[in-house]
J.: 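Quick one: the structure is below, and I'll ask about it shortly.
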Amino acid sequence: MVNTITEGVKVSVETLYQQEYSNPANEHFMFAYKITIENMTDYAVQLMRRRWDIFDSNGTKREVEGEGVVGLQPVIEPGNLHEYVSGCNLKTEMGSMKGEYQMLRLLDNRTFDVNIPEFQLIAPYKLN
């Protein structure tokens, strides 16, 4: 697990290779990741947007951005957290992701960016 804290918002990431949804012969490697966003501030925040940089070990880079996460723009109260699971496919058995969330501080409608730490996507057999 990797994590980072930006302006009092902690983002933690766990990853899992999805062997049953992968097809190495066709350069299709599927990974799941679980994100935990913890509000360590004294005010409510809302996750408005996300942006991802996705890197494949063959040198390919993709950028994905859009509103919310998995169809939601959750409000996270002080001391609470929001968790979700999503996925990413790569053309190689190794890669990484990193990015940022655009958050809205509901107290004064100020937006700020929260870093999503870089995490590795590695098929377990590559670790041997």
Side-chain angles (χ1 to χ4, degrees):
M1 178 186 300
V2 297
N3 61 66
T4 189
I5 300 172
T6 310
E7 294 200 39
V9 178
K10 181 177 181 180
V11 178
S12 303
V13 185
E14 297 176 66
T15 62
L16 179 65
Y17 177 60
Q18 302 283 284
Q19 181 175 346
E20 62 275 19
Y21 300 109
S22 298
N23 186 337
N26 289 330
E27 298 181 334
H28 182 79
F29 300 87
M30 193 68 200
F31 296 87
Y33 54 88
K34 178 182 174 185
I35 304 276
T36 302
I37 305 166
E38 185 177 353
N39 183 357
M40 302 166 66
T41 72
D42 294 329
Y43 45 83
V45 297
Q46 183 173 12
L47 192 159
M48 303 304 293
R49 301 187 62 78
R50 69 29 189 104
R51 186 190 60 76
W52 290 105
D53 293 322
I54 305 168
F55 304 93
D56 235 307
S57 62
N58 64 6
T60 303
K61 176 187 173 190
R62 290 181 283 159
E63 186 175 306
V64 176
E65 63 177 307
E67 290 187 356
V69 290
V70 293
L72 302 173
Q73 290 180 312
V75 172
I76 309 169
E77 296 293 334
N80 288 349
L81 55 86
H82 178 77
E83 294 181 323
Y84 72 94
V85 175
S86 192
C88 177
N89 65 303
L90 299 177
K91 291 194 174 286
T92 62
E93 60 272 283
M94 293 173 32
S96 66
M97 292 177 64
K98 66 179 181 176
E100 59 191 22
Y101 295 123
Q102 181 189 73
M103 306 295 275
L104 176 67
R105 188 166 73 176
L106 298 180
L107 176 70
D108 57 6
N109 288 330
R110 183 177 76 85
T111 60
F112 62 99
D113 292 332
V114 171
N115 293 323
I116 304 168
E118 185 167 10
F119 55 94
Q120 303 300 309
L121 303 167
I122 303 173
Y125 60 83
K126 290 300 284 184
L127 298 174
N128 295 330

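Note that the structure is a prediction, hence the values are computed from the model and not measured.
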J.: Take atom CD in Glu7; do more than 12 heavy atoms of anything else shown fall under 6.0 Å from it?
T.: yes

J.: Is it the case that atom OH in Tyr43 sees more than 12 heavy atoms from other parts of the structure closer than 6.0 Å?
T.: yes

J.: Find out whether His28 and Asn89 are in side-chain contact, i.e. whether some heavy atom of one side chain is under 4.5 Å from a heavy atom of the other.
T.: yes

J.: Are Val69 and Val2 connected into the same hydrophobic cluster when the rule is that any two of I, L, V, M, F, W, Y join if their side-chain heavy atoms are below 4.5 Å apart?
T.: yes

J.: Is a side-chain donor-acceptor pair under 3.5 Å present for Thr111 with Gln102?
T.: no

J.: Please report the C-alpha distance between Arg50 and Ser86 in whole Å, then the side-chain angles of each, then the deciding distance to 0.1 Å, and finally whether the side-chain contact (heavy atoms from CB on, under 4.5 Å) criterion is met.
T.: CA-CA 13 Å; Arg50 69 29 189 104; Ser86 192; over 6 Å; no

J.: Are Leu104 and Val75 connected in the hydrophobic side-chain network, where two residues link if heavy atoms are under 4.5 Å apart?
T.: yes

J.: When you group the ILVMFWY residues by side-chain heavy-atom contacts below 4.5 Å and let the links chain together, are Leu47 and Trp52 in the same group?
T.: yes

J.: Does Thr4 reach the main-chain N or O of Pro117 with its side chain, forming a donor-acceptor pair under 3.5 Å?
T.: no

J.: Rounded at 0.5 Å granularity, tell me how far NZ in Lys10 sits from OG1 in Thr6.
T.: 12.0 Å

J.: Within the side chain of Thr15, is there an N or O that forms a donor-acceptor pair under 3.5 Å with the backbone of Tyr33?
T.: no

J.: Can you name the closest pair of heavy atoms from Asp56 and Lys91 and give their distance?
T.: OD2-N, 3.0 Å

J.: Can His82 and Leu72 be said to form a side-chain contact (heavy atoms from CB on, under 4.5 Å), step by step?
T.: CA-CA 11 Å; His82 178 77; Leu72 302 173; 4.1 Å; yes

J.: Check whether any side-chain heavy atom of Ile116 sits under 4.5 Å from a side-chain heavy atom of Tyr101, and report yes or no.
T.: yes

J.: Restricting to non-hydrogen atoms, name the atom on Glu77 and the atom on Ala44 that form the minimum distance, rounded to 0.1 Å.
T.: OE1-CB, 3.6 Å

J.: Taking all atoms of both residues into account, what is the closest heavy-atom pair of Gln18 and Phe31, and its distance?
T.: CG-C, 4.0 Å

J.: First locate atom CG of Leu90, then atom CD1 of Ile54, and finally report the distance between them rounded to the nearest 0.5 Å.
T.: 7.5 Å

J.: Same cluster for Tyr17 and Phe55 if Ile/Leu/Val/Met/Phe/Trp/Tyr side chains link at under 4.5 Å?
T.: no

J.: Which pair of non-hydrogen atoms, one from Gln46 and one from Gln73, has the smallest distance, and what is that distance?
T.: NE2-O, 2.9 Å

J.: Determine whether more than 12 heavy atoms belonging to other residues, nucleotides or ligands lie under 6.0 Å from atom CG of Asp108.
T.: yes

J.: Looking at every heavy atom in both Lys98 and Glu118, which two are closest together, and how far apart are they?
T.: CB-CA, 3.6 Å

J.: What are the two closest non-hydrogen atoms of Val45 and Arg105, and how far apart are they?
T.: CG1-CA, 4.4 Å

J.: Could you verify whether a donor N or O on one side chain and an acceptor N or O on the other, from Thr92 and Asn58, lie under 3.5 Å apart?
T.: no

J.: Please assess Arg49 against Arg51 for the test side-chain contact (heavy atoms from CB on, under 4.5 Å), listing each intermediate value before the final yes or no.
T.: CA-CA 7 Å; Arg49 301 187 62 78; Arg51 186 190 60 76; over 6 Å; no

J.: Just how far is it from atom CD of Glu83 to atom CD1 of Ile37, taken to the nearest 0.5 Å?
T.: 9.5 Å

J.: Distance check, rounded to the nearest 0.5 Å: Ser12 atom OG versus Ile35 atom CD1?
T.: 8.5 Å

J.: Answer yes if Ile76 and Val70 sit in the same cluster of Ile, Leu, Val, Met, Phe, Trp and Tyr residues linked by side chain heavy atoms under 4.5 Å apart, and no otherwise.
T.: yes

